[in-house]
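Heads up: the structure comes next, in structure tokens.
Every chain is numbered from 1, with letters handed out A, B, ... down the list of sequences.
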There are 2 protein chains.
Amino acid sequence: MAAVDQLGYQPNFSAKALAASKTGTVGAIIPTMDNAIFARGLQAFQEELGEHGYTMLVASSSYHPALEAQQIRNLVARGVDALMLIGTDRGDDIYNYLETRSIPIVTAWSFQDGATIPCIGFDNRDAMAQLTRRVLSLGHRHLGIISAPRAHNDRARERVEGALEAVGQAGIARDTVPILEVNYSIANGARAFAALMREPTPPTAILCGNDVLAVGALGKARQMGLSVPKDVSITGFDDIELAEVSYPPLTTVHVPHRQMGRAAAQILMKLVSGEELSGNAALKTRIIERGTLAGPTDLQA
Amino acid sequence: MAAVDQLGYQPNFSAKALAASKTGTVGAIIPTMDNAIFARGLQAFQEELGEHGYTMLVASSSYHPALEAQQIRNLVARGVDALMLIGTDRGDDIYNYLETRSIPIVTAWSFQDGATIPCIGFDNRDAMAQLTRRVLSLGHRHLGIISAPRAHNDRARERVEGALEAVGQAGIARDTVPILEVNYSIANGARAFAALMREPTPPTAILCGNDVLAVGALGKARQMGLSVPKDVSITGFDDIELAEVSYPPLTTVHVPHRQMGRAAAQILMKLVSGEELSGNAALKTRIIERGTLAGPTDLQA
DNA sequence: TTGTAAGCGTTATCAT
DNA sequence: ATGATAACGCTTACAA
């Protein structure tokens, strides 16, 4: 031990991993780091892993399924002991691949009732449906939706589905509400907002797939001389910092991102140590009413 | 090759690393992921590494020097071929440790003139000095500073130093300007702002160490019934999304974060392939004038 | 060009 | 307990 100290000996990780066939590393593949929600969740994920002596290996897929598949194989080849994935939208081949190699996984950011694989998240559909019901209860009848591309993205799809569900229950024809799909960015939110307001009967309330899109819409509204929420209501989703800082501050859905990251890590730690999971639990979201939602000025029956 | 396909063979990373004594992995240690500037830079860093067939291993130090040292040793033990570090504030023992193991490193987010180790960044001091000169040229004589803790953080220290430098050059006593140190968060920015405005002669302009602090101050100003920039000017630093979304939008210093991440990766790629570096280059920042800076209402000689 | 064998630095197994 | 030794799955140098 004295010699260890003196020579500054450090065990060789690769040799250790090769011999023990485990690495003490868990992988995380997220769509992009450049989004506060994933960054925040990952930070918490890593903190929790660290407390268990594990290290995190991250990769981002840029929202490309093929790239994600490649990253998964890459991380598995690097010997990750477990894997965190975002959402559940991916081919069975990937799930099979992971299962044959018996790599424990957890999917996060999206809770599926009765899912067969471990997941930690929230009910995107229900959260959006609740928000939409609140909007409708204020008297809005003409809604518009700005969403991320729904292909390969269950969160985006579920959110739109939830909104449409509430709309339908209110007796409004679903195909009546215009849906625009754009990639997440402030500029795209602004563009989509402008397009929506150009319709023959512009929406009195616009539901956005996340806060980034919503603040983009908000900025464009001001630029177009529209007052929010007097002339038009706008809602977000996620409740990141942007939402409380915008003007007016954004009415949105709060998602416990840090809590989700921690929980994802805890599940994985149980899985790698062979513990049984006590079933999947959904995290709670809640509507944060701030300043961008009000009843329509021109109430119509 | 047909067999490879059929059996789904994947080379074993650990064995490969052990035999070749290189891993194709580079490490990055950042203070926190939960900050748009690092997250954005890392995303670009990873994209560039990916194009060279390298993978990124991240760890975050939570701004703790001891934790950072531990993370460095951990990543080195894991066999990273190179390392990206933020800023230059750390003990010589760490630099020696890295040098004896001949692990190439690059320090980012902070450019030091004549630095002996490869670095990519910008001149925090000069950028802040320029911004401060601009503020002073508008007629402000009572400034206040909200900074991150300067210990172990050269970026924060240099920014304050730059502001003080400009103040001194304008013939104002440096010890005249109050400096508050708080951890980066919106809430802390708000608190610090309130404290600053409680002084006998409150500042007419407040320079914040970054945008997060600045939007916190901005929100508090509104809450206190102060109009920005009429009653008080506020400036940020970084130019993240928050800055363009706040109201009024923030006057701040734009830092090319993505470009910095890419460049850091490029430098490391050169280093691992044994290429010579053509000296360190500084990235340019620029002042973005938006809506939170104006001359003081009560001009005084 | 193709094949063979000796490491790489651990862990784990089996004698002693 | 302690110590020797065979994997682990690759790279690489050297022979054939």
| To the nearest angstrom, how far is B:F13 atom CZ from C:dT10 atom P? | 16 Å
| message | From C-beta outward on A:L18, which listed nucleotide comes closest to its side chain: D:dC10, C:dT11, C:dG9? | response | C:dG9
| task | Identify which one of A:I30, A:I86, A:T32 satisfies the side chain to side chain contact (heavy atoms under 4.5 Å, CB included) criterion when paired with A:Y63. | result | A:T32
| request: Tell me what A:Y9 touches on the nucleic acid: a base, only sugar-phosphate, or nothing, going by heavy atoms under 4.0 Å. | output: sugar-phosphate
| Whole-Å distance separating the NZ atom of B:K16 from the P atom of C:dG9 | 19 Å
| said: Under the side chain to side chain contact (heavy atoms under 4.5 Å, CB included) test against A:L75, which residue among A:T25, A:L57, A:I103 passes? | reply: A:L57
| Atom pair distance, as rounded to whole Å: CG in B:N12 and C1' in C:dT11 | 14 Å
| Spacing between B:Q10 atom CD and D:dG9 atom P, to the nearest angstrom | 14 Å
| query | Do we see a donor-acceptor contact under 3.5 Å between the side chains of B:S147 and B:R159? | reply | no
| query | What's the closest nucleotide to the A:A20 side chain, out of C:dG9, C:dT11, D:dT11? | reply | C:dT11
| field | Donor-acceptor pair between A:R155 and A:N124 side chains, under 3.5 angstrom | value | no
